[in-house]
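To start, the structure under review is shown below, and the notes come after it.
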Amino acid sequence: MGKVAEIKADFFALAKKFCGQWVALDPTTQDVIASAPTAKEALEAARQDGCKEPLVFKVIDNYGALAPCHARF
């Protein structure tokens with residue numbers, strides 16, 4: 001079973017800047033290290049930046065009561 005990570009990112013701020021994009025977060029600092037139109041591109045960019053296991057998720061325009069989940073590739 002995969003690891004569970006607590007994400008403390010401000011999803012409303014992410015939605016303003018990265019709406020519709022796939023975002024990769026550094027799991028340690030939770031900084032955005034890459035964004036792209038596809039998950040594969042965000043993952044590749046994060047790995048090129050030196051992050052082996054980024055947290056990758058799609059930013060939507062309105063989270064409402066939805067709690068986003070992360071994917072680890």
Distance col, row L43:CG vs L55:CG, nearest 0.5 angstrom, shows 11.0 Å
To the nearest 0.5 Å, tell me how far E53 CD sits from D26 CG. 11.0 Å
About how many Å separate CG of L25 and CG of D31, when rounded to the nearest 0.5 Å? 8.0 Å
What distance do C19 atom SG and K58 atom NZ have between them, rounded to the nearest 0.5 Å? 9.0 Å
So which atom in K52 and which in R47 form the shortest heavy-atom distance, rounded to 0.1 Å? O-NE, 3.4 Å
Rounded to the nearest 0.5 Å, how far does OG1 of T38 lie from CD of Q21? 9.0 Å
Please tell me whether V56 and I33 are part of a single hydrophobic cluster in this structure, the criterion being side-chain heavy atoms less than 4.5 Å apart. no
Taking all non-hydrogen atoms of both residues into account, name the closest pair between A42 and A36 and its distance. N-CB, 3.5 Å
